[in-house]
There are 2 protein chains.
Amino acid sequence: MDERTLLLLGMLRIESQHGYQLNEFIEHNLARVTDMKKPTAYALLDRLEQSGAIASRLEQEGNRPPRKVYAITEQGRQLFLRLLRETLSSAEPYVIAGDVGLMFLDALPLDEALKLLEQRLAEVRAQVAAIEKVPAHHLGLGIDLAIEHQAVLLRADDAWLTQLIERLQTRQSTSSTPAAPSAANGQ
Amino acid sequence: MDERTLLLLGMLRIESQHGYQLNEFIEHNLARVTDMKKPTAYALLDRLEQSGAIASRLEQEGNRPPRKVYAITEQGRQLFLRLLRETLSSAEPYVIAGDVGLMFLDALPLDEALKLLEQRLAEVRAQVAAIEKVPAHHLGLGIDLAIEHQAVLLRADDAWLTQLIERLQTRQSTSSTPAAPSAANGQ
DNA sequence: GGGCGCATGTAATGAGTTACATGATTGA
DNA sequence: TCAATCATGTAACTCATTACATGCGCCC
């Protein structure tokens with residue numbers, strides 16, 4: 001929740017915007033950084049306004065639906081800075097969804113495990129490729145940094161998975177037992 | 001939720017256990033792989049039993065509280081395999097909590113940003129160290145694999161953060177403006 | 001006798017998602 | 001005329017967490 005609040009405040013700090021605008025930007029440019037959905041953003045904006053971190057004024061252009069344009073307040077800036085300092089200074093231990101699967105690799109015959117891991121590898125590579133062809137310097141801000149970070153992790157994942165598949169393949173040619181190597185430590 | 005179900009089924013596939021036992025093992029050995037809490041596990045076991053994936057029998061030892069020992073059923077094995085194939089073959093794009101902070105690095109004076117990132121780096125390194133001194137081959141299963149994966153990602157994070165701090169430091173000596181480098185792509 | 005371990009949960013709460021509602025405008 | 005875009009939300013639901021309840025046995 002704090003992350004989402006930080007994101008909204010950070011975006012409003014750069015420029016006053018209405019909810020739709022924020023949501024569009026998030027959906028089109030920040031899908032890799034956050035997975036916040038639209039109603040969540042609207043609800044958060046409401047709460048932030050009630051707590052005084054942001055303030056809204058109604059705006060209307062022609063006969064279009066009225067917009068609620070939010071501006072960050074001084075109080076909001078303080079909150080923003082506090083949240084920013086918190087997130088930057090700490091490293092939440094990440095829990096990777098797919099890791100549970102790895103634990104039970106040996107429940108499948110080796111050749112099937114290999115086939116599945118190769119599918120996973122293909123997806124990881126597709127994600128790397130997708131990131132790499134993003135034009136860079138999206139806007140003045142440090143989005144690039146976040147994207148770069150993602151790319152680094154994805155490449156590490158790629159390398160490890162590739163190596164894991166190789167390890168499993170050598171085992172395939174020697175014996176004919178179920179999967180899971182003896183975990184020769186990475187590095 | 002699927003991950004948690006997969007985990008419980010996978011553990012029961014190896015050995016019939018009661019809830020307390022499962023929870024203890026998760027808390028002591030799998031904290032890095034999952035963050036499922038006890039009441040969640042109990043509730044999930046309930047639901048799995050109702051759906052027929054597992055079956056329980058009551059057991060009592062002396063005057064201790066009675067235990068509900070769960071065993072996986074044939075139906076549960078099928079479910080387990082389906083979930084396992086799903087997780088192994090796909091790569092969920094991960095959303096890293098701390099990445100939002102990176103986006104707004106330039107909202108802080110460079111020297112403070114550096115100080116905070118160094119704190120983050122220290123935490124990452126502490127996590128790497130903690131992982132590296134885990135004894136390995138926990139049990140017959142592929143936990144080691146999941147741990148190894150974590151270690152690989154953490155080391156990649158370490159390297160990237162270290163490099164980011166360096167990049168920011170050279171910028172510090174040259175100019176005196178706020179943070180955020182031009183994101184020279186990480187290899 | 002006081003606290004920890006064993007073993008099960010329940011109740012209240014919260015955060016977030018999905019699916020839906022509304023209603024005008026613009027382009028094919 | 002039909003669909004998409006603009007712009008705001010609401011309602012129902014799911015998932016998970018936190019805090020609490022219970023009660024016996026064991027060890028210091």
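Throughout, protein chains are lettered first and strands after them, A, B, ... in sequence-line order, and every chain is numbered starting at 1.
What you find for B/Leu145 and A/Trp160 is that their closest heavy atoms are O-CZ2, 3.7 Å.
Atom CZ of B/Phe25 is separated from atom P of C/dA7 by 17 Å (rounded to the nearest Å). We find that OH of A/Tyr70 is positioned 14 Å from P of D/dA7, with the value rounded to whole Å. Per the geometry, CD belonging to A/Glu24 stands 9 Å off P belonging to D/dA7, to the nearest Å. The CG atom of A/Leu22 sits 15 Å away from the C1' atom of D/dC6 (whole-angstrom rounding). Rounded to whole angstrom, the span from the CD atom of B/Gln60 across to the P atom of C/dT8 amounts to 11 Å. Rounded to whole Å, atom P of C/dG5 lies 15 Å from atom NE2 of B/His18. In this structure, the CG atom of A/Leu48 is 16 Å from the C1' atom of D/dG9, given to the nearest Å. A/Glu59 places its CD atom 16 Å from the P atom of D/dC6, with the value rounded to the nearest Å.
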Filtered N/O pairs between nucleotides 23-28 of chain D and protein, under 3.5 Å:
unit_1: D/dG25; atom_1: OP1; unit_2: B/Asn63; atom_2: ND2; d: 2.9

Every protein N/O within reach of nucleotides 14-20 of chain D N/O, cut-off under 3.5 Å:
unit_1: D/dA16; atom_1: OP1; unit_2: B/Met1; atom_2: N; d: 3.3
unit_1: D/dA16; atom_1: OP1; unit_2: B/Arg4; atom_2: NE; d: 3.1
unit_1: D/dT17; atom_1: OP1; unit_2: B/Asp35; atom_2: O; d: 3.1
unit_1: D/dT17; atom_1: OP2; unit_2: B/Lys37; atom_2: N; d: 3.4
unit_1: D/dT17; atom_1: OP2; unit_2: B/Thr40; atom_2: OG1; d: 2.3

Donor-acceptor contacts under 3.5 Å from residues 122-129 of chain A side chains, at least two apart:
unit_1: A/Glu123; atom_1: OE1; unit_2: B/Ala91; atom_2: N; d: 3.0
unit_1: A/Arg125; atom_1: NE; unit_2: A/Asp158; atom_2: OD1; d: 3.4
unit_1: A/Arg125; atom_1: NE; unit_2: A/Asp158; atom_2: OD2; d: 3.2
unit_1: A/Arg125; atom_1: NH2; unit_2: A/Asp158; atom_2: OD1; d: 3.3
unit_1: A/Arg125; atom_1: NH2; unit_2: A/Thr162; atom_2: OG1; d: 3.1
unit_1: A/Gln127; atom_1: NE2; unit_2: B/Ala91; atom_2: O; d: 2.9

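Contacts of A/Glu59 classified as side-chain hydrogen bond (donor to acceptor under 3.5 Å, both in side chains), with partners at least two apart in sequence or in another chain: A/Arg57. Residues satisfying the side-chain hydrogen bond (donor to acceptor under 3.5 Å, both in side chains) criterion with B/Glu27, sequence neighbours excluded, are B/Lys38. Scanning for salt bridge (Lys or Arg N to Asp or Glu O under 4.0 Å) contacts around A/Asp35 gives A/Arg4, with sequence neighbours left out.
Using a 4.0 Å cut-off between charged side-chain N and carboxylate O, A/Glu132 and A/Arg155 make a salt bridge.
For B/Tyr42, no side-chain nitrogen or oxygen approaches OP1 or OP2 of C/dG9 to under 4.0 Å. Between B/Tyr20 and the phosphate of C/dC6, there is a side-chain N or O to OP1/OP2 separation shorter than 4.0 Å.
Sorted by first and then second residue, the pairs that involve residues 74-88 of chain A and meet salt bridge (charged side-chain N to carboxylate O under 4.0 Å, His left out), not counting sequence neighbours, are A/Arg82-A/Glu86, A/Arg85-B/Glu112. For the ring pair (Phe, Tyr, Trp, His ring centres under 6.0 Å) condition, the pairs that include at least one residue of residues 77-97 of chain B, sequence neighbours left out, are A/Phe104-B/Phe80. Pairs engaging residues 13-26 of chain B under the salt bridge (charged side-chain N to carboxylate O under 4.0 Å, His left out) rule: none recorded [sequence neighbours left out].
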